[in-house]
Structure formats: structure tokens, C-alpha cells
Amino acid sequence: MSNEKKLVEAITSMDVDFAQWYTDIIKKADLADYSSVRGCMIIRPYGYAIWEFMQKDLDARFKETGHENVYMPMFIPESLLQKEKDHVEGFAPEVAWVTHGGKEELAERLCVRPTSETLFCDHYANIIHSYRDLPKLYNQWCSVVRWEKTTRPFLRTLEFLWQEGHTAHATAEEAQEETIRMLNVYADFCEQTLAIPVVKGKKTDKEKFAGAKATYTIESLMHDGKALQSGTSHNFGDGFARTFGIQYTDSANKLQYVHQTSWGVTTRLIGAIIMVHGDDNGLVLPPKIAPVQLVVIPVQQHKEGVLPKAEEIKARLQKNVRVKIDDSDRMPGWKFSEHEMRGVPLRLEIGPKDIEKNQCVLVRRDTREKFFVSLDEMEAKVEQLLMDIQRDLLEKARALRDKKTYTALSLDEFSRIIEETPGFIKAMWCGEQACEDALKEKTGATARCIPFEQENLADTCVCCGRPAKHLVYWGKAY
RNA sequence: CGGGGUAUAGCGCAGCUGGUAGCGCACGUGGUUUGGGACCAUGGGGCCGGAGGUUCGAGUCCUCUUACCCCGACCA
């Protein structure tokens, strides 16, 4: 952004204290509030509206790719959860348990779902019999609970909202296709709808989901140079199917195990929107998911004709745009700041001077650019600007991401980058977990992913010097 | 789960070596204002996070507890 002086003092500057800046935005933009339960949050109407727009967009993409929504119980009997060994070990430390119903102790504890693989598997075992029953392409929107030790609004809370897709396929090839298809759906959603550029790739064995054969991820980079895992897609192979006995008879009348996938994104993406697009004046929302895309600020609204004009403008615009008039009796300057803090993409000022000239003033949230526009061309200009903002946010985020993406050819270089200019580090890796562990130990960085777009920076591992197998994106992560 | 910090009005804070709580913003009302967080007047609001203890007396001292924030280990 420009070096214009900061107009609002209510938000801590992100250069001074990024964590505080993040919290300030959440509070000042009315996205969420703390609750009386540790580690949980109240998603307020404005924050929830953003989630609803995200849901709507994603859900349409899921339907387009043939998926159906279902709803599973929020409780899992302990015995069911424990069927898959790797899976239960992965989640055991963060599971919440229900031990009583009323005053009576339960014969079997119930786990509050941290994820629903076992429920879907149990169900699939019951309803899949023939190859004609496949594929099963299910998704559910729900909340899950993970008893985390440290929490932050949107990024990590004990309970969070998400969707989890769970599919069952006849062949390994189909399952792999589905895994990648949904990863691409997420990547496209992040870039086209949220204007957040992502790196697509595969997780290392150390970082992959408990019980999965392979985990794929989209990784994004926040303003402070930390990485955020923004969505994952897993190929389960037939591992769960073997444990849960999900079998079908193929066309040759032979019993086969299904091949499964699962994939999810969460309200954490709201945290990504904040940390990718936000600035020192507050939230900046991509138009596609902004609950209010344009706010009309009447100036000298007590003067005759101003409010009716504002209403007329709203009526004209609301056919295509989510528009709101702020006719509260605040000062105009106060309203400017308020709606900037809330990230409203466009502001339209209308006052006596404008009415006289048959014009209005349009101001972009992202660049603060000001346009004096004839009322005759208003609709077209508004639509154009919203599209420009959506596009420019992605470009700007991509430019920043690229700027903060470094390459390291030696361990020293790697450490120095992490210390001095945090971001993504591209470096070669031998494929051994020992090196992954060593890098984390020495620098705090983890393997974010093995990107699909591989490059050969060197022939040797950045850590041990033995022959390199992959290019890896490394970074400190949320 | 370790290390550090905070908790007093809706928010941000002040309150000294103990004596019964104050400021700014916000909020209500009346008026003047209105193109980058207006001004005057007036009004309401807090048993000081919770529980114990010391004391004639605790926001202040002691113990315990809870929540939040920051930094590390674990995770979407």
C-alpha cells in the first residue's frame, strides 16, 4: 500500500505487532468475539456472512463435480474410532469425550468428532455392495472439535466449522483422480474467489494425515511470511476399506475393496483472508465474498434531496451488487474509516455537490483510489471496479508471495532466510525424515509441501548433501 | 504442556507505603454540525475475573483458581 498516513488508530500496525494487528482486525471488523469457553469463539454476523458466501461458492463447486451433502452424528463410539490404528493415534491427544448422559455414566464413551472418517466408513460398509453403488461422493458441512492446547480466532479454535468430503471409488485410479480433482477445486476457489494464491503439492510422510496413503495440500503465504495450510485432500487407498470391511462385488462377481478419499477446508480460510489481504486500516475483502460490496455514504444527509438520492442509487445498484446505505448520524469521516476497517471493497459518496453535478464519488478500499463518476455511468463503473479489485487483490497477493519466496542452496542460507526474511523457502531434499527433523530442529521450518511444479535447484539435499529427490517448499507455519 | 505478561464501566487505561473508585472513548437526551473518526450541555453505568486468607478496614498484601495475550513444543 501507499505510505499515506494511517488514519485510524484503533488498529495496531502490522509492522509493530502482527499478532495484535490480527486480533484487532477481528474485533474491530466485528468478525468474531471470544466466548466463555476457553479456545472457542463466537462468529458474529459479519464474520458468519463471509463464511456463508464461501460455503455457497464451494457447495456449488461440489455439486458441479457430482457430490451430495449428508449429515453424520457428532458422536463417535470409542470402539469405532479405535478401529483404524494410525488414525486414532493421530487424533487421540486432541479428542473430547462424552462420558455421561444426564447423571448416568455411559457404558461406552462417545468421542466428539474431530473428523468423521470412521462414521463414513462404518456407513459405507453398510450401503456399498455392488460396483453399481459406486462411486459414493458425499460431503458434509458441520463443526468438529479438537482439544488444542493453544488457540487463535479462526486459525485454531477448539471447535471449528468446515466441510469434509468423503468418497468411495471402485479403483485406485479413480480415487487418485478424485483426490487431485478436489485439490484443484480448492486451489481454484482460493485464487478465483478468495484471491489467495496457493502452492499445490504433496505432503511429506511426516506431515500427512493420520491413516492416509497420501495427503495433498494447498499452501498459502501470509503477510508476515508464515505459511498457512489452507486445504487438504487425502487419498486413503484401501486402508480404511480393509479395516472397516467396505467391499463390493465387481462386474466379474469378485469381492473388491473400495478406494477412498477425503478433503476439507475450514473457517481457517477466514484467517487467511485477513492475513493475506488486510492492511493497517483494517480488513480488505475480495468482492466475491464481501457481505457488503459497496457502502453508500450520504454527505450532509440532512440536506434536502441527499437521502432520497442515496436510496435511488441503492435501488439501482442492488440489482447486481450487495449494497448498503450508512445513514447513521455519524460524521462522514467516521463512516469512511468504519467501513474501511470492515473491508468493504467500494465506497460511494453522494452529497449536495455531487447531486448538482449529476455525479458520485467512488473509492476503492484496496488502493484508496478515488473516481468521480457520472451517475449515468455508475452501474457500469461499479461493476468494473469490483472486478478490478477482485483481480488486483490476487495479483498483489501473488506478487507478495513471489517476493517472499526464496531459494536456499545451503543450510546456512536456509537459516539466514528464516531469521531475516521469513517466507517460503524452496530447497532440495533427499527424502529422509532425519533431514526434515533436523531442519525443523535448527530453523523451526517445516516441509510445507513437495510442489507439483518441480524444479532442480541442485543435485544435493540442502541438509545432508546426499542426492536430492525433491524440491520442497519449506516455511514456518501457523 | 513449559516460560513470560495481563485481568478495575461496553472498550482503552489510572488508582503511590491498605481508608470504600476515577479519566478518555463509547452509550442516553437536547442543540449546533456533516466531503477523512465534530462540538457544547447534560445523564446513566463498576460490590475492581473468581474463591479463600491477613487486617478495625483490601482494587491495593498473601494463597489458590479461571480466562485471555505473547514466545516455544503439538495441530486445520
**OP:** Compute the ring centroids of A:Tyr124 and A:His166, then answer whether they are less than 6.0 Å apart.
**Re:** no
Listed nucleotide nearest any side-chain atom of [X], set [options]:
{"X": "A:Pro332", "options": "B:A73, B:U34, B:A67", "answer": "B:U34"}
{"X": "A:Glu340", "options": "B:C70, B:G36, B:G35", "answer": "B:G36"}
{"X": "A:Thr23", "options": "B:C70, B:U34, B:C1", "answer": "B:C70"}
{"X": "A:Pro153", "options": "B:G36, B:C69, B:G35", "answer": "B:C69"}
{"X": "A:Tyr34", "options": "B:A38, B:G36, B:C68", "answer": "B:C68"}

Same-atom distance ([atom1]) from [N] to [M], integer angstrom:
{"N": "B:G44", "M": "B:C25", "atom1": "C1'", "value": "16 Å"}
{"N": "B:A26", "M": "B:C11", "atom1": "C1'", "value": "7 Å"}
{"N": "B:G22", "M": "B:U54", "atom1": "P", "value": "29 Å"}
{"N": "B:U34", "M": "B:C39", "atom1": "C1'", "value": "12 Å"}
{"N": "B:G46", "M": "B:C56", "atom1": "P", "value": "31 Å"}
{"N": "B:C40", "M": "B:G52", "atom1": "C1'", "value": "50 Å"}
{"N": "B:G28", "M": "B:G72", "atom1": "C1'", "value": "48 Å"}
{"N": "B:G19", "M": "B:U63", "atom1": "C1'", "value": "24 Å"}

Over how many whole Å does the gap from [X] atom [atom1] to [N] atom [atom2] extend?
{"X": "A:Asp326", "N": "B:U34", "atom1": "CG", "atom2": "P", "value": "18 Å"}
{"X": "A:Met341", "N": "B:A26", "atom1": "CE", "atom2": "C1'", "value": "13 Å"}
{"X": "A:Gln300", "N": "B:U32", "atom1": "CD", "atom2": "P", "value": "15 Å"}
{"X": "A:Asp24", "N": "B:G12", "atom1": "CG", "atom2": "C1'", "value": "11 Å"}
{"X": "A:Gln20", "N": "B:U6", "atom1": "CD", "atom2": "P", "value": "15 Å"}
{"X": "A:Glu148", "N": "B:C69", "atom1": "CD", "atom2": "P", "value": "14 Å"}
{"X": "A:Lys226", "N": "B:C70", "atom1": "NZ", "atom2": "P", "value": "10 Å"}
{"X": "A:Ile11", "N": "B:C25", "atom1": "CD1", "atom2": "P", "value": "20 Å"}

For [X], which contact category applies under a 4.0 Å heavy-atom criterion: base, sugar-phosphate, or nothing?
{"X": "A:Asp354", "answer": "base"}
{"X": "A:Leu155", "answer": "base"}
{"X": "A:Phe336", "answer": "base"}
{"X": "A:Pro352", "answer": "base"}
{"X": "A:Gly39", "answer": "sugar-phosphate"}
{"X": "A:Lys353", "answer": "base"}
{"X": "A:Thr157", "answer": "base"}
{"X": "A:Glu349", "answer": "base"}
{"X": "A:Thr115", "answer": "nothing"}
{"X": "A:Val361", "answer": "base"}

Could you tell me if [Y] and [X] have a donor-acceptor pair between their side chains, going purely by distance under 3.5 Å?
{"X": "A:Thr446", "Y": "A:Glu207", "answer": "no"}
{"X": "A:Arg181", "Y": "A:Thr261", "answer": "no"}
{"X": "A:Asn139", "Y": "A:Gln163", "answer": "yes"}
{"X": "A:Arg113", "Y": "A:Thr115", "answer": "no"}

What does [N] pair with, Watson-Crick or G-U, if both distances are under 3.5 Å?
{"N": "B:A58", "result": "none"}
{"N": "B:A9", "result": "none"}
{"N": "B:U17", "result": "none"}
{"N": "B:C48", "result": "none"}
{"N": "B:U29", "result": "B:A41"}
{"N": "B:C1", "result": "B:G72"}

Subject >> A:Phe452 six-ring centre to A:Lys200 NZ/CZ under 6.0 Å and within 45° of normal >> reply: no
Subject >> Axial cation check for A:Trp263 ring with A:Arg61, 6.0 Å and 45° limits >> reply: no
Check whether any side-chain nitrogen or oxygen of [X] sits under 4.0 Å from OP1 or OP2 of [N], and answer yes or no.
{"X": "A:Arg330", "N": "B:C27", "result": "yes"}
{"X": "A:Lys440", "N": "B:C74", "result": "yes"}
{"X": "A:Arg152", "N": "B:C70", "result": "yes"}
{"X": "A:Tyr22", "N": "B:C69", "result": "no"}

Subject >> 5′-ward residue of the pair A:Lys370/A:Glu159 relative to RNA chain B >> reply: A:Lys370
**OP:** Using the closest heavy atom to pick a nucleotide of RNA chain B for each, name whichever of A:Glu94 or A:Arg347 lands nearer the 5' end.
**Re:** A:Arg347
Original post:
Within a strict 4.5 Å, meaning less than it, do heavy atoms of the A:Lys208 and A:Asp205 side chains meet?
Top reply: yes
Original post:
Should we say atom NZ of A:Lys335 is surrounded by more than 12 heavy atoms from elsewhere, each under 6.0 Å from it?
Top reply: yes
